[in-house]
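Quick one: the structure is below, and I'll ask about it shortly.
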Amino acid sequence: MRADEGMSVHSLSLDSLSFTDYENPHDVILEDEGDTEPDAHAVLYYAEIKRLLWCFSPVSQVKLIRKDLSTEELYLQACKLVGVVPVRYFLRNLGSATINLNHHGLGPLGAKALAIALVTDMHTTTLELADNFLSAEGARYLTEMLRANFTIQNLDLSDNHLQSAGAECVAKMLLENISIKSLKLSGNRFVEDDAKWFADAFASNYRVKELDLSHNQFCGRGSEHLGQMIANNDGLEVLDLSWNHLRMKGAVAFCAGLKVNTTLKHLDLSFNGFGNEGALALGEALKFNNTLVYLDLNNNRITDEGASLLCKGLEANDTLRVLQMAYNSLTVEGALTLINVVKNTPKTAIEEINICNVLVNENFVQLLELICQEHPSLEVQYGGVGGFIAKKPRKRIDPMKVIQDYLDQRKLRLWDFFRNIDKDGTMRVPVVDFRKAVQQSSIPLEKFQIEELIQRLDRDRTGIVDYRGLADTRKQMMRDHRRQLRKVESRQKKEKQKSDRILKTFESAVEAVTPRSSMIISPGAAKEDSSGLQPFSATPLSSWHHIIMSNSSRYSVNNMSSEHVHLPMIGNPSSSPGMRSYSQPNLFTSVPKPSTSKPASAQGMHSRSNPSVSSSKLSPTANLTRSRPALNTEPTSKTKVKGKKKKTKKRKENA
């Protein structure tokens, strides 16, 4: 039915909108009731409504829909169609820029009616639909609406249980929509695999500037996709990933993407359990990231050690202004480390540090006052004065070790020490005499240490100390000391291996998100022809070994022995098309010229300078061998004669 026929359509059954009747839902057009020509915008308006009705699981009957219906009447008609109660707040705020329908219990059907009413709305720019239990079905209705509505710029779909199907709908919508600039998807029960949908969507979407994915469960594997998302995206400026279980490997994988990101300014990573491992990776990322301004690391299980690892990255960063580090396991030591970064880094841009739960001491306050004189804009929020530096308990020194150190300094033996006490020479000394002798000596032992040593020497309470027990005590002390040293070395080795493993994982993750960054210039790859210069070809690091092995004859030892070292051509129009030679001093000028009778290996060494040697007889292995006598050959007659002469000389000398 065409518009120029002047016929009117008063009602339409959705059962008649089948795939056989209309190949495209835009073909469904309602006409005017008069003889006037239909408005093109109105035709498209109602065509889009019919498309939505066709896409949204058609109901049995569609009531009368005319082109002169207002948005309010259209919404009321849509509510009758889907069987929901109209939201009076929405009707009262029609035409305003912001429509807030949070916590209204719309459900999927309410979202369907709302989508029909907003399909061509030209006024609303902010639509807030948080906590309405829309589920994936409601998300599908709204995303279908956003395929036609290019006015809405800010959309809030938080706490709507969208789950994986909803994530897929939103991600596909982002591939087509050109108006959304701010998107909130917090608390929608997204899991690890759902992060891939957003990674694919934001690889090509550069219009969304603010994204909220907090309170989901992306965890480890999802962190890898999120790292790829921020590595490939050039539009996001604000990202909220708090409460997402980004721990250990997940934190390292995400920080790899942050290292190469060039647009992100505001990043919220609070309540993720980054730990010291994540702090180490984050410090490495901050060494290269030069756009991040705000970083929230509250509640991330970061200790003083993690703060020092993070500060290594802050020393090289000159853009970060706000650092949130509250409610971590920090003490005064960690607080001092953070403000010392500002003191020792002239190019730092840090203006605010939040450690509001940390109790500091007077030294911290005095140092902060000195730093604020040089950096007046610096503001540090701390918990108050009254903290203290956690001092480790004084290590209990073995009294036998003190005696042994005393003897080593004076180069004395334990026997000499005991003989001065044992006047009778019986190798046994009363406890009273032993205590008195140690107290009168210059050995730096306190009274309780002397009593501890006597208890170990006289365990049976006999009142006698013998030399054998003293020697055994020294042996046990030395064994314990060596064992303690091994424990310390083992602990330090494990910590170093752990940090190296984290850094290795971080670098591999960086290579995964930026495959083109690990490119090097391959030797001999560029060639020149008569047409002009050719650029260098880039080769991945993994194929470098293959290049060296395939060009082993070019870099073999015989090239170094020639007067000119032949290198790959860089590109000079005046040079020959083959190779360009660079003058190098002969490495073998000091060696006298060999005789005409050369061994096979020497011929291989000078094959380039001697054109008479055929190249077919030289193998790549022969080029790399050096002239040395064979170990399995029989001695010649000359060597035998020399041996006989030496024997006769020795006999004459002996005679």
Side-chain angles (χ1 to χ4, degrees), residues 9-19 21-22 25-30 42 44-95 99-124 127-149 151-152 155-163 165-166 168-170 172-173 188:
V9 177
H10 298 281
S11 64
L12 183 65
S13 173
L14 280 181
D15 295 335
S16 62
L17 299 180
S18 60
F19 291 96
D21 296 333
Y22 302 97
H26 287 280
D27 295 337
V28 184
I29 299 176
L30 293 182
L44 293 177
Y45 179 87
Y46 285 95
E48 194 61 37
I49 293 176
K50 288 302 179 182
R51 185 187 68 80
L52 284 176
L53 292 175
W54 189 41
C55 294
F56 298 167
S57 59
V59 293
S60 58
Q61 284 288 333
V62 176
K63 301 297 183 180
L64 180 64
I65 297 179
R66 300 187 311 274
K67 289 171 61 173
D68 57 348
L69 290 178
S70 63
T71 305
E72 178 180 358
E73 294 173 339
L74 180 62
Y75 175 67
L76 294 175
Q77 291 286 351
C79 289
K80 290 180 181 180
L81 290 176
V82 299
V84 296
V85 178
V87 179
R88 295 298 174 186
Y89 181 86
F90 174 70
L91 296 175
R92 288 195 304 268
N93 290 273
L94 281 175
I99 296 180
N100 188 340
L101 294 178
N102 296 336
H103 321 291
H104 274 72
L106 296 178
L109 296 180
K112 180 178 180 179
L114 190 67
I116 295 174
L118 293 176
V119 62
T120 55
D121 180 78
M122 302 295 292
H123 303 285
T124 304
L127 180 62
E128 299 182 6
L129 298 174
D131 189 22
N132 276 287
F133 212 96
L134 301 181
S135 71
E137 183 182 356
R140 183 170 65 88
Y141 299 147
L142 293 172
T143 52
E144 284 290 337
M145 177 265 296
L146 291 172
R147 289 174 56 187
N149 185 301
T151 306
I152 297 177
L155 179 63
D156 187 357
L157 296 178
S158 302
D159 301 310
N160 276 296
H161 304 270
L162 302 186
Q163 299 182 346
E168 182 180 357
C169 292
V170 174
K172 291 181 178 179
M173 177 270 296
N188 278 297

Once side chain to side chain contact (heavy atoms under 4.5 Å, CB included) is applied, do any residues pair with Asn149, and if so which ones, sequence neighbours excluded?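 Asn149: side chain to side chain contact (heavy atoms under 4.5 Å, CB included) contacts with Asp121, Met145, Thr151, Ile152.
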Minimum-distance pair of heavy atoms, taken over all atoms of Gly95 and His123: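 Taking every non-hydrogen atom into account, O-CB, 3.6 Å.
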Can you tell me how far CG of Leu91 sits from SG of Cys79, rounded to the nearest 0.5 angstrom? 7.5 Å
Looking at Asn188, is its backbone amide N or carbonyl O close enough to the side chain of Asn160 to form a donor-acceptor pair, meaning the two atoms are under 3.5 Å apart?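 Not at all, since once roles are kept as given, no pair shorter than 3.5 Å links the two residues.
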Side chain to side chain, Phe90 and Leu94, heavy atoms closer than 4.5 Å: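 Yes, at least one pair of side-chain atoms sits under 4.5 Å.
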Quick one: side chain to side chain donor-acceptor pair (under 3.5 Å) partners of His103, sequence neighbours excluded? Asp131
List the residues meeting side chain to side chain contact (heavy atoms under 4.5 Å, CB included) with Ala139, not counting sequence neighbours, and say none if there are none.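 If we apply the side chain to side chain contact (heavy atoms under 4.5 Å, CB included) test to Ala139, skipping adjacent residues, the hits are Leu162.
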Is any side-chain heavy atom of Tyr141 closer than 4.5 Å to one of Leu146?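 No, their side chains stay 4.5 Å or more apart.
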Under the side chain to side chain contact (heavy atoms under 4.5 Å, CB included) test, which residues partner Ala130, sequence neighbours left out?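 So Ala130 forms a side chain to side chain contact (heavy atoms under 4.5 Å, CB included) with Asn102, Asp156, Ser158.
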Could you tell me whether a side-chain N or O of Glu73 sits under 3.5 Å from a main-chain N or O of Ser70, the two making a donor and an acceptor? yes
His161: ring pair (Phe, Tyr, Trp, His ring centres under 6.0 Å) partners, not counting sequence neighbours: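 Expected list: Phe133.
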Go through the steps to decide whether Leu129 and Leu142 satisfy the test side chain to side chain contact (heavy atoms under 4.5 Å, CB included), and finish with yes or no. CA-CA 10 Å; Leu129 298 174; Leu142 293 172; 3.5 Å; yes
Closest non-hydrogen atom pair between Val84 and Ala113, with its separation: CG2-CB, 4.3 Å
Look at Glu144 together with Arg140 and state whether they make a salt bridge at an N to O cut-off of under 4.0 Å. no
Please identify each residue that fulfils salt bridge (Lys or Arg N to Asp or Glu O under 4.0 Å) with Glu128, with sequence neighbours left out.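 With sequence neighbours excluded, Glu128 shows a salt bridge (Lys or Arg N to Asp or Glu O under 4.0 Å) to no residue whatsoever.
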Measure the spacing between CD of Glu168 and CD of Gln163 and express it to the nearest 0.5 Å.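 Here the rounded value is 13.5 Å.
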Using the test side chain to side chain contact (heavy atoms under 4.5 Å, CB included), find all partners of His104 that sit at least two apart in sequence or belong to another chain. Val87, Tyr89, Leu101, Leu106, Asn132
